[in-house]
Number of protein chains: 2
Amino acid sequence: MKNKITLKELAKLLNVSISTVSKALNDSPEISAKTVERVKELAKLHNYRPNPVAVNLKSSKSGTIGVIIPNISNSFFARVLSGIEAEAQRAGLQVITYISNEKLDREKQICDMLTTGYVDGVLIAVAEETQRKKEFDHLYQLVEYGIPVVLYDRINFDIPADRIGIDDVGTFADVTKGLLAKGIRKIGIATTIHHMGVGKLRIEGYKEALPKNENYYIANSARPESLKEKTEKMLVKDKVEAVICTDFESTMQVYRSAFEHTINIPEDLKVIGFIGKELANFLTPSISYIDQFPEEMGTGAMQLLEARLNNYNKDKSGTERILKTSLVHLESTKF
Amino acid sequence: MKNKITLKELAKLLNVSISTVSKALNDSPEISAKTVERVKELAKLHNYRPNPVAVNLKSSKSGTIGVIIPNISNSFFARVLSGIEAEAQRAGLQVITYISNEKLDREKQICDMLTTGYVDGVLIAVAEETQRKKEFDHLYQLVEYGIPVVLYDRINFDIPADRIGIDDVGTFADVTKGLLAKGIRKIGIATTIHHMGVGKLRIEGYKEALPKNENYYIANSARPESLKEKTEKMLVKDKVEAVICTDFESTMQVYRSAFEHTINIPEDLKVIGFIGKELANFLTPSISYIDQFPEEMGTGAMQLLEARLNNYNKDKSGTERILKTSLVHLESTKF
DNA sequence: TTTATTTTAGCAAACATTTTCTTTAGAATT
DNA sequence: AATTCTAAAGAAAATGTTTGCTAAAATAAA
C-alpha cells in the first residue's frame, strides 16, 4: 500500500528544513534556484501533493461548496447539478451534495451543519415546505456566519443573497402569446404545482397574456384523480385548442386524457410541456417544450458563488441573473 | 457576522487549559464532573462545535466519501445518489459528487485527485468508455492508496473491491420466462446498450430463457434511425407479441413504432420497459417495468463502504451483494 | 506525620501545512 | 580589517484539535 509523502519526509531525505521544502515548491524567491530544482525533482519522484486537509486548516478555507437540492429525481435538478459540478471542477472546488427532499427540517439541519465550516459557500434551491412556511432563518444564519449563499431556480422571495433563475411570468406569457398569434383562442393551462411559488408565477404569466374577453381554463390539482377530472373537463367539455403545462405530471395527464378520449395531438390539440428535452423528444408525439437550460443555470449559479468567494465584500448587494428560456417546437404543436 | 469559537477561546474564558476543555467536552474521566459541567455549559452557550477540518487533520480522515456517477441525467443514477446521500447522512459522512460523463479521462482525473486525500472511500459506477477499453489502472491506484472502493450497478469485471448490483442475466431470463408462461411465444428484445456490459448481460438472459426452437428477435442499435428500422421490422414484419426493453431509449422507440403502425398496447403487443417508476406510471398506456430499487442500491453501496471504513483489514476479499429486482405489472402487459 | 495513592488538570507533541521572523555565511562596502 | 548588506536557509509560530505524559493537589494508608 502506497502512502502519501509529506513535507517533513521530503525534508529529511533532502537534508533541508521543512520550510525550505515548502518554499521551494511554492517558488519562493528566498530559495536558490539550485535547491528549488533539487526539491522539485524529489517531490515529483515521490508524487508529492500537499495534504488538502492541512492546507485547508492553514487557510481556513475548505475548498468545497455545498449544494442543496430539493429533489434529485427531478431531472431538472439533476441537470443543474451537472452544470454545477462541471463549473466547480473547472474552479478546483469540491461539491458536497445534500438532498432536502422538499423538507424544511432537513434543510435546517443541513444549514446548521454547514455553519460549522464544512463548506466555503452554498447553492440552494429552497424546499417547497420552506417556501410555504416562509421560514428562512436558517438561510439568514448562513449569511450571518459569512457563508455566501446563492439561490437557484426558486428565487422569488426576499433574502440577501445572489440568485439565478428564469422569468416564470414572462416565459409563460410569451408562450401563451405565441399560441394566440397562431390564431388559437381557447388556451388552457394544466398544473399540479399551483400552490408553489413557481407554479403561481407561471399561471400568472398565462393569465397576463390572455385577452380580457377570453376565459381562463385551468386544470389544477396535486391529486391525480382530481387532476384527471379537471383535465378531461378542459379537453372534452371546454374543448380547448391548446394546453400549456407547468410540470411533468400535468403534461403526462394531458397526454393520457387526450389518448383516452381520442383527441389527436397536434391536429385537435396543441400541447406545450415544461419537461426536459430527453423526455420531450422521446414521447409520441414528441412534445414541444420550454427549455430552461438547467446546466447553464448550474454553471451560472456556481459562477455567482465564485465571484463572491473571490471578493466577498466588494459588492454587498445581491445580484440577480435571469436566464432566457426557449420554446422548442416539436410534433405536439405542428400546424 | 458571527464567528466560530475555538477551544482556545473557551479555555481562556474558563481560565483552564485547552486540553482540559477538549477532554471535558469528550467526557474524559480525567476531568472532574464539576469542570465538565462548567465547560459544557459555556460551550453550549457559545454554540461551540469542533472545527471539522482540524479534527480531520488530527485523525487523518476526511469524513467525506466520493461518489462517481457516469451520467446524472439518467434518473436511475440520480435515485442511487439519493440513497447514498440518505445513508451517508445517517452515518455522519459528507458526499462529494463527481460526474464522469461516461468518459475514461475524466474518471482518471477524478481518481487521481482522490488519491490526494479528499475522501475516505469511493463509490463508483464505472464509465462506459472505461469498461469498453478495459482500463482499470486508476481504480487499482485507489486501492493501492488504501482507499476502499465500492462498485455499484456496473460490476461485472474483475477488480478487488466490494460491489453491489442486480443480476442482469437472471432478471431478464425471469421476465422472459414470465411471458412464456403466459403463452406468449414470439418475444423480442429492444436495446440501445447492446455494446455495454449490462446490455450484453440482459440480452444473454433473454436468450437463455427462450426455448431452443424459438427465434430471437433483437432490435439493437444506438443510432436512432437504425433502431427505428429494426424495431419496425420486429413489430410489423416479425409480428412479435411482446417486447422487452433494456433501457429508456429503446422503450420509447417501441412505444413510438407501435403508435405509428397502430399496434395496440397491450392488446396486440405487450411491452416491458426498463425505466423508472415515475415515467412508467405516467406514460400512456403505463408501462410494466422492472424495478431495480435504485435508492436501495445507493444505501446498500454506502453500507458496504461503511463496513470497510470501520475495519478495513478484517475481511480482505471483496463482498458482492446482488439486489432482487421486481417486475411491476401495469397496463402494457394486461391480458 | 510521613509516605503512598488517587484524582484532577496542565504541558507539550502531533497532525501537515504556510509564513514570519531569525540566523548564518558570504559578499560588498567603508 | 571592520562593518554593512544580501542571499539562503532554518527555526518557530500558527491554524484547531486530540492525547500521552507529567505535575500538583487532595485523599488515603501506614
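Reminder, nothing fancy here: chain letters follow the sequence lines and each chain counts from 1.
- Atom CD of B:Glu37 sits in a sparse spot, with 12 or fewer heavy atoms from other residues, nucleotides or ligands closer than 6.0 Å.
- First and last contacting nucleotides of DNA chain D toward chain B (any atom under 4.0 angstrom from a heavy atom, 5' to 3' order): D:dT15 to D:dC21.
- Heavy atoms of other residues, nucleotides or ligands lying less than 6.0 angstrom from CD of B:Glu41 number 12 at most.
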message: Between A:Asp158 and A:Lys134, is the salt bridge (charged side-chain N to carboxylate O under 4.0 Å, His left out) condition met? List the steps.
response: CA-CA 10 Å; A:Asp158 198 33; A:Lys134 299 200 200 316; over 6 Å; no
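- Of the charged side-chain nitrogens involved, none lies within less than 4.0 Å of a carboxylate oxygen, so that B:Glu107 and B:Lys103 do not count as a salt-bridged pair.
- Between A:Asn3 atom CG and C:dA16 atom C1' the separation is 14 Å, expressed in whole Å.
- A salt bridge links B:Glu135 to B:Lys108: at least one charged side-chain nitrogen sits closer than 4.0 Å to a carboxylate oxygen.
- Taking a cutoff of 4.0 Å between a charged side-chain nitrogen and a carboxylate oxygen, B:Arg308 and B:Asp120 do not qualify as a salt bridge.
- Relative ring orientation between A:Phe136 and A:Phe157 is described as parallel, the plane-to-plane angle staying below 30° on a 0-90° scale split at 30° and 60°.
- Applying the side chain to side chain contact (heavy atoms under 4.5 Å, CB included) test between B:Ile84 and each of B:Thr97, B:Leu123, B:Ile69 identifies B:Leu123 as the sole match.
- A salt bridge between A:Arg90 and A:Glu306 is present, with a side-chain N of the basic residue lying under 4.0 Å from a carboxylate O of the acidic one.
- Ionic pairing of A:Lys12 and A:Glu9 is not present here: no N-O contact between side-chain nitrogen and carboxylate oxygen is shorter than 4.0 angstrom.
- Remark: the backbone N or O of A:Val80 is not paired with any side-chain donor or acceptor of A:Glu295 at under 3.5 angstrom.
- DNA chain C is contacted by B:Val16, B:Ser17, B:Ser19, B:Thr20, B:Lys23, B:Glu30, B:Ile31, B:Ser32, B:Thr35 of residues 16-36 of chain B, taking any non-hydrogen atom closer than 4.0 Å.
- Contacts between residues 111-118 of chain A and DNA chain D, defined by a heavy-atom separation below 4.0 Å, involve no residue at all.
- Taking the side chain as every heavy atom from C-beta outward, B:Leu93 and B:Met302 approach each other to under 4.5 Å.
- Salt bridge present: A:Arg106 and B:Glu85 bring a charged side-chain N and a carboxylate O closer than 4.0 Å.
- Looking at A:Asp153 and A:Arg163, no side-chain N of the basic residue comes within less than 4.0 Å of a carboxylate O on the acidic one, giving no salt bridge.
- The stretch residues 51-63 of chain B touches DNA chain D through B:Asn51, B:Ala54, B:Val55, B:Lys58, each having a heavy atom within less than 4.0 Å of the strand.
- Judged by distance alone, with hydrogens and angles left aside, the side-chain atoms of A:Ser22 form no donor-acceptor pair with the main-chain N or O of A:Ile18 at under 3.5 Å.
- Across its full length, the helix from C:dT1-D:dA30 to C:dT30-D:dA1 shows an angle of 70° between the axes of its 5 terminal pairs at either end, rounded to 10 degrees.
- Checked for salt-bridge contact, B:Arg154 and B:Glu102 meet the test: a charged N lies under 4.0 Å from a carboxylate O.
- The environment of NZ in B:Lys4 is crowded: more than 12 heavy-atom neighbours from other residues, nucleotides or ligands sit within 6.0 Å.
- Near-neighbour residues of DNA chain D inside residues 37-46 of chain A, defined by a heavy atom below 4.0 Å, are absent.
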